[in-house]
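Per chain, numbering begins at 1; letters A, B, ... match sequence-line order.
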Number of protein chains: 2
Amino acid sequence: MVRPERRTVRDLRRGNRAVLLRALYFAGPTSRHELTALTGLSAATVSNVTGDLLADDIIVEAGLVDSDGGRPRVLLRVNPTYGFAIGVDVGETHVRVELFDLDMNELAKSEFALRPGAHDVDVVVRHVLSGIDAVVADSGVPPSKVLGVGVGVPGIVERGPEAMIHAQTFGWDSVPLGTLLRAGTPFPLHIDNGAKTMGQAEMWFGAGRGSRHAVIALIGSGVGASIIADGMTYRGANSSAGEWGHTKIAIGGRSCRCGGRGCLEAYIGAEAVLERAGIDVDTSTEQAAFAELVTSGSPVVEETVEYLGAGLANLINLFNPERIVVGGWAGLLLGQHLLTTIKQKAAENCLTQPYSTASIVLGRLGPDAVALGAATLVVDEFLLSTTSSSVSREPAVS
Amino acid sequence: MVRPERRTVRDLRRGNRAVLLRALYFAGPTSRHELTALTGLSAATVSNVTGDLLADDIIVEAGLVDSDGGRPRVLLRVNPTYGFAIGVDVGETHVRVELFDLDMNELAKSEFALRPGAHDVDVVVRHVLSGIDAVVADSGVPPSKVLGVGVGVPGIVERGPEAMIHAQTFGWDSVPLGTLLRAGTPFPLHIDNGAKTMGQAEMWFGAGRGSRHAVIALIGSGVGASIIADGMTYRGANSSAGEWGHTKIAIGGRSCRCGGRGCLEAYIGAEAVLERAGIDVDTSTEQAAFAELVTSGSPVVEETVEYLGAGLANLINLFNPERIVVGGWAGLLLGQHLLTTIKQKAAENCLTQPYSTASIVLGRLGPDAVALGAATLVVDEFLLSTTSSSVSREPAVS
DNA sequence: GTGACTTTTTTCAAGATATAGACTATGTAT
DNA sequence: ATACATAGTCTATATCTTGAAAAAAGTCAC
């Protein structure tokens, strides 16, 4: 029952510094004057704090803007090359490592294919580590300027120093990925579920921008969701919140690859949809087959949309979001052709009041934003807790 | 994307004062020394702040405790008669108004029966207002010491100055209850959904104590839930989050009184269960008939437990709570006899990792805790934002 | 060009806060 | 009675934000 605590007068500065930096990051080039309105701080404090940040080279000046008849405003922005963030996407078919500057420009990329079914922990760890080395080398970024590495992985991630992973599709049971990676890289690590990193990417740069309460629904072979409560990813007690795909939508219904019956994923996951339509595919042909199916007018698709609508309605009833973002490769395909029907089915299965406040939109980042999202974990931490000259003085811990 | 902000150095004091007061409230009699550990504040600050609070009469001394070989500790506690909170339960069959001191001792109570179907707004408002007058008069508490009134109502409550209510079972559509009540009472108002107030009661004084992530599942004639995320009631964008009863558990299933089909409530709400069992009752005999049914070994009960388990599993998968509290009169009856089966069904329908962190327990407060919970809204606000001599100097707004 | 005016940004003194560490209070043990 | 132990308060200090005043850096009318 005890809520957040602040202590000393020094925390005030740290907090205001973070507030200001965050405002600057998301608002883009902004003058000190505008920052007073954005942050609620006085002009004096803004001047003060920006002075610090400028001295630390965390922010830089970005031109002037005339103002009718007065001193022109100096625009400020976050220095995009103050530090760099690495994002890693551990997917079913590949390990992808990307290096970004703070503007999220991709400066280097490294990718490794994974053979289907070959998700050995050692292999993945080796790929991630050599990917990190590769992107740092390729980009020419000095290691001291790498702020950290974010990793998006499938399955349930218990956050903490160990970052335990439970991923059925990989056959991973209690894999201490954090410990394994930390042995091979000096950079601070942030490990999270891939759906959650992707959700954060949509929130920062995609269809979720501007909303405080949102759900990012991700539909691919499997089904997941990322819940944003009051601007922050909701994780629950053990970071496994958002397992939408395995909520029951039919008691005693179709059996699911999780071992249960009647899971939503068994009705709207691409793998299950193709199976229900009697189409036999492997990983390589899955997406093409699904795309074809969606436009075919098959009754299976119709049924899928019915279940999807109900699934979204459940999210709306439970979370009362302002926005639902439908993403994932299969979700995007379905949405591009059938968004109106999806909305209609959601409305039919939802209470009117919460439905009316939730707008259902398509994701804007495409299915490859997991690495981007993973990198935002690093940036998020940076924006929150940058102290003077903090760049990797001592390697932090996830 | 911008998170909480602190501004001036004065907010620091306010915040620390609130942290300390809250710690004191929930930990009971505590010495200054212990408070340093509980709050993280320095001894000097604790001394400082407690000095303020003592001077304001918000806290009082509560005896001494020997310490082996040193100065004895002075215990401090919140002054239970510093202020008083009124809680109102607007239910389907009654309006109940209770007045509590800060220790949540009930000092006065006033109750009005509502005839079934007679939920006219005017009638309810009149009952609430005369109930408030009655409990203040009966208790002899000076009106200036009444900190506020909390009201728990059915349906969806859009919080705000108007506090719009949408309650289908009452036939209320966009009723501005806040405005209506404010015209008749000078006390600060806090209006919320009854399931949420009850949930907060269980969190503070019942089966939820000590957990930060919990879901209180309430099963009566209807079905609702209160979601506690990181110690706070989760409300979503428009305060309607937690509409568990109308999530779909069966596509195209039984029709529900909300007008939809396949709602969870249509399977596990007491009204629906009795209907499914072919038992015809009215409001007065409902509870007895349900109690009898539960122990009868009827297959309908078995099915109900199956659905309840799945419904709980969905909550666990989505929210990853540490604790699920099953409450509501029907929920308590089911739980008392069938908790093991319920847990087993939940486990069958849930991913193992989140299931293993969620303990499913019965509510401890009984079905009449709505008014208590409503009063905690007032106390919560008091603990959060008490400034020196703040008692109803100017009537605040919900 | 120049002086008046406007708008943005910085400087400065004032007021408020938490903390460390010294100090006081109040007991037990011997 | 003296030593010791623990609890709580006081004081000096370093920070912090802020409002007001001052400075900076322009435009504009003439």
Side-chain angles (χ1 to χ4, degrees), chain A residues 4-21 23-24 27 29-56 59-77 387-388, chain B residues 4-21 23-24 27 29-56 59-77 387-388:
Chain A
E5 354 179 333
R6 285 285 170 106
R7 270 176 293 236
T8 160
V9 71
R10 231 153 176 165
D11 295 323
L12 249 188
R13 175 68 140 214
R14 230 197 318 278
N16 283 337
R17 191 174 157 121
V19 165
L20 203 151
L21 192 57
L24 211 43
T30 314
S31 73
R32 293 174 177 81
H33 196 67
E34 288 172 280
L35 282 171
T36 63
L38 260 72
T39 61
L41 296 167
S42 70
T45 302
V46 169
S47 185
N48 222 338
V49 175
T50 52
D52 271 17
L53 291 169
L54 279 166
D56 290 346
I59 66 176
V60 291
E61 298 194 348
L64 296 177
V65 163
D66 294 0
S67 73
D68 23 65
R71 175 173 173 175
R73 284 170 288 187
V74 178
L75 296 182
L76 301 171
R77 56 171 303 184
T387 332
S388 309
Chain B
E5 351 178 336
R6 286 287 169 108
R7 272 177 290 237
T8 158
V9 72
R10 233 151 175 167
D11 295 323
L12 246 190
R13 177 67 141 211
R14 228 197 319 279
N16 283 337
R17 191 173 157 121
V19 165
L20 204 150
L21 193 57
L24 210 44
T30 314
S31 72
R32 293 175 177 81
H33 197 67
E34 288 171 279
L35 281 172
T36 63
L38 259 75
T39 61
L41 296 168
S42 71
T45 301
V46 169
S47 187
N48 224 336
V49 175
T50 52
D52 270 16
L53 291 169
L54 280 167
D56 290 345
I59 64 176
V60 291
E61 299 194 345
L64 297 178
V65 162
D66 294 1
S67 72
D68 21 66
R71 174 175 173 175
R73 285 172 286 186
V74 177
L75 296 182
L76 301 171
R77 55 170 305 187
T387 331
S388 309

When the C1' atoms of the five terminal pairs at each end define the local axes, what inter-axis angle does the helix from C:dG1-D:dC30 to C:dT30-D:dA1 show, to 10 degrees? 10°
Between B:A43 and A:V46, whichever has its closest DNA chain C nucleotide further toward 5' is A:V46
Using a 4.0 Å heavy-atom cut-off across all strands, classify A:V74 as base, sugar-phosphate, or nothing. sugar-phosphate
Is the backbone of A:A44 close enough, under 3.5 Å, to the side chain of A:S47 for a donor and an acceptor to pair up by distance? no
Could you give the start and end, 5' to 3', of the contact zone on DNA chain C for chain A, using atoms under 4.0 Å from its heavy atoms? C:dT6 to C:dA18
Answer whether the closest heavy-atom distance between the side chains of B:L75 and B:T30 falls below 4.5 Å. no
Checking B:R73 now: which residues fulfil salt bridge (Lys or Arg N to Asp or Glu O under 4.0 Å) with it, not counting sequence neighbours? none
Atom CZ in B:R10, atom CG in A:L12: separation rounded to 0.5 Å? 13.5 Å
Heavy atoms, side chains only, cut-off 4.5 Å: are B:L20 and B:R17 in contact? no
List in chain and number order the residues that pass salt bridge (Lys or Arg N to Asp or Glu O under 4.0 Å) with B:R77, two or more places apart in sequence or in another chain; answer none if no residue qualifies. B:D103
Opening and closing nucleotides of DNA chain D in contact with chain A, under 4.0 Å to non-hydrogen atoms: D:dT15 to D:dT27
Between A:D56 (side chain) and A:L53 (backbone), is there a donor-acceptor pair under 3.5 Å? no
Heavy atoms, side chains only, cut-off 4.5 Å: are A:I59 and A:L21 in contact? yes
Scanning both residues in full, the closest heavy-atom pair of B:A23 with B:L35 reads CB-CD2, 4.3 Å
Quick check: on DNA chain D, is the nucleotide nearest B:L75 upstream (toward 5') of the one nearest A:T45, or the reverse? Name the residue that is more 5'. B:L75
Go through the structure and list residues passing salt bridge (Lys or Arg N to Asp or Glu O under 4.0 Å) with B:R13, not counting sequence neighbours. B:D52
